[in-house]
Amino acid sequence: MEQNAKFIVIEGLEGAGKSSAIALVKELIEKHTGQAPVCTREPGGTPLAERIRDLVKIADSQDPLCDTAECLLFYAARAQLVETVIKPALAEGHWVLGDRHNLSSLAYQGGGRGLMPLVQSLSDITLNSFKPDITIYLDVPPQVGLQRAAARGELDRIEQQALAFFDRTRATFLALAAEDDSIMVIDASQPMSEVHKDIQASLRAVLA
Ligand code: Z5A
C-alpha cells in the first residue's frame with residue numbers, strides 16, 4: 001500500500017487524444033507503483049453516475065436538458081464518484097487516474113455555457129477544495145478535435161454544439177491552467193508520439 005497515492009486527471013476537448021494519453025499514464029503509474037491505478041471517467045464511474053452520463057449525453061428533442069440542469073447533473077455524478085470511489089481509493093493507498101474531472105465543468109459549463117458563478121458555487125459545495133494532484137490538459141483547436149471525433153462516428157449532444165461554444169470552453173481551460181501550477185498544458189495537435197513525450201516529461205517529477 002502506498003502512503004502518498006496521487007490523483008491524476010487527463011482533460012481536453014473531444015478528440016484531443018485522452019484515450020491514448022490515459023493508456024500511457026496508466027502504464028507509467030503501474031511501472032512506478034507496481035499496481036494498476038483505479039481508473040475513473042466523468043461523467044460516470046459508478047453505476048449511478050453512469051446513468052447520469054446517459055442523461056447528459058443523449059439528446060431528447062421532446063425534453064431538452066436546460067443548462068442549469070445539465071450543470072447540476074455533472075455535479076451529482078461527480079459527488080457520487082468522489083465520495084464512493086476516488087476518496088476511498090486514495091485513502092487505501094491506490095493511485096487514481098481520471099478521464100476528466102472538475103476542470104471540465106469549469107471549462108464547458110462555466111466558460112462554454114457562461115455559468116461560472118453557479119459552477120464555482122457547486123464546485124465549492126461538492127468538492128470542498130478536493131482536487132487532483134496533477135491535471136494534464138491536452139490542448140487542441142476545436143476544429144481539429146471535432147474532426148477527429150467526427151471521423152470516429154456520430155457526434156453526441158454536447159459534441160453537436162456550435163464551434164463558438166468550444167472556443168469559449170478552450171479559452172477557459174487555458175485561462176484556468178495559466179493560474180494553477182498543478183495543470184500542465186500539452187500541445188495535442190502534434191503527432192501522437194510527440195504528445196506522449198511531453199506527457200512523460202510533465203509527469204517526471206510526480207513519478208520520480
Ligand atoms: N462534459 C462537460 O460538459 N462537463 C463536465 O463536467 C464533464 C464532461 C465531466 C463527455 O463525453 C462529454 O461531457 C464531453 C464533455 C462533457 N463532451 N463533449 N463534447 P465523452 O467522455 O464521451 O467524450 P470525450 O471525453 O470528449 O472523449 P472523446 O471524444 O473520446 O475524446 P478523446 O478521448 O480525447 O479522443 P480519442 O478517442 O483519444 O481521440 C479521438 C481520435 O483522434 C482517435 O481516433 C485518435 O486516434 C485520434 N487522435 C488522438 N490524438 C491524435 C494525434 N495527436 N494525432 C492524430 N490523431 C489523433
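Remember, it's 1-based here, ligands and their atoms both numbered in the order they're listed. Since the structure is predicted, the reported quantities are computational estimates derived from the model, not experimental observations.
Geometrically, ligand 1 and G17 share a nitrogen or oxygen pair separated by less than 3.5 Å. Inclusion of F74 in the set of residues having an N or O under 3.5 Å from an N or O of ligand 1 is not warranted. Of the polar atoms of A16, at least one N or O is found under 3.5 Å from an N or O of ligand 1, judged by distance alone. Polar contact with ligand 1: absent for Y108 (N/O pair, distance under 3.5 Å).
Near E159, meaning under 4.0 Å from one of its heavy atoms, ligand 1 places the atoms 19 (N), 29 (O). Short contacts between ligand 1 and S19, defined as distances under 4.0 Å to a heavy atom of the residue, involve ligand atoms 33 (O), 36 (P), 37 (O), 38 (O). Shown in contact with P43 at under 4.0 Å from a heavy atom are these atoms of ligand 1, numbered in order with element: 8 (C), 9 (C). Within the listing of ligand 1, atoms 46 (O), 48 (N), 49 (C), 50 (N), 51 (C), 53 (N), 57 (C) sit less than 4.0 angstrom from a heavy atom of M192. The distance from ligand 1 to the heavy atoms of I158 drops below 4.0 Å at these ligand atoms: 3 (O), 13 (O), 16 (C), 17 (N), 18 (N), 19 (N). The contact set between ligand 1 and A188, taken as ligand atoms under 4.0 Å from a residue heavy atom, comprises 53 (N).
For atom 10 (C) of ligand 1, the nearest non-hydrogen atom from the set R100, R148, Q147, R157 belongs to R100. When the options H196, R113, E42, E70 are ranked by their closest heavy atom to atom 9 (C) of ligand 1, first place goes to E42. Among Q109, K18, R152, the residue whose heavy atom lies nearest to atom 29 (O) of ligand 1 is R152.
Regarding atom 22 (O) of ligand 1, its nearest protein heavy-atom neighbour is K57 NZ, 2.3 Å. Of the protein's non-hydrogen atoms, S105 OG, 2.5 Å is the one closest to atom 6 (O) of ligand 1. The single protein non-hydrogen atom nearest to atom 14 (C) of ligand 1 is E14 OE1, 3.6 Å, given as residue, atom name and distance.
For the pair R170 and F173, the NZ or CZ position fails the cation-pi test of under 6.0 Å to the six-membered ring centre and within 45 degrees of the ring normal. Cation-pi geometry between K87 and F130 is met: under 6.0 angstrom from the ring centre, within 45 degrees of the axis.
Distances from ligand 1 to the non-hydrogen atoms of G12 include no value under 4.0 Å. Residue contacts with ligand 1 include R53, since one of its heavy atoms falls under 4.0 Å from the ligand.
Taking a cutoff of 4.0 Å between a charged side-chain nitrogen and a carboxylate oxygen, E14 and R100 qualify as a salt bridge. Salt bridge status for D180 with K131: present, with a side-chain N to carboxylate O gap under 4.0 Å.
Counting protein heavy atoms under 4.0 angstrom from atom 27 (O) of ligand 1 gives one or more. For atom 52 (C) of ligand 1, a protein heavy-atom neighbour is present inside the 4.0 Å cut-off.
A side-chain donor-acceptor contact under 3.5 Å links E70 and Q109. Between the side chains of R78 and S105, at least one donor N or O sits under 3.5 Å from an acceptor N or O. Donor-acceptor pairing under 3.5 Å is lacking for the side chains of E11 and H101.
Separation of the F74 and Y108 ring centroids does not fall under the 6.0 Å cut-off.
At a heavy-atom cutoff of 4.0 Å, ligand 1 is contacted by no atom of A151, backbone or side chain. Proximity of R78 to ligand 1, defined as any heavy-atom pair under 4.0 Å, is confined to the side chain (atoms from C-beta onward). Residue contacts with ligand 1 for Q190 involve N, CA, C or O but no side-chain atom from C-beta outward (heavy atoms, distance under 4.0 Å).
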Practice task
Show the numbers, then the answer: is there a side-chain contact (heavy atoms from CB on, under 4.5 Å) between Q190 and K197?
Solution key: CA-CA 11 Å; Q190 304 176 92; K197 267 191 217 156; over 6 Å; no
Exercise for the section: Check the pair D133 / S182 against side-chain contact (heavy atoms from CB on, under 4.5 Å), numbers first and verdict last. Expected result: CA-CA 6 Å; D133 294 283; S182 73; over 6 Å; no
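Between A16 and R148 the shortest heavy-atom distance is O-NH1, 3.6 Å.
Side chain of T126 to main chain of S123: no donor-acceptor pair is present (N/O by atom type, distance under 3.5 Å, no hydrogens or angles).
One hydrophobic cluster, built from ILVMFWY side chains closer than 4.5 Å, holds both V119 and L103.
For CG of D181, the number of neighbouring non-hydrogen atoms (other residues, nucleotides, ligands) closer than 6.0 Å is 12 at most.
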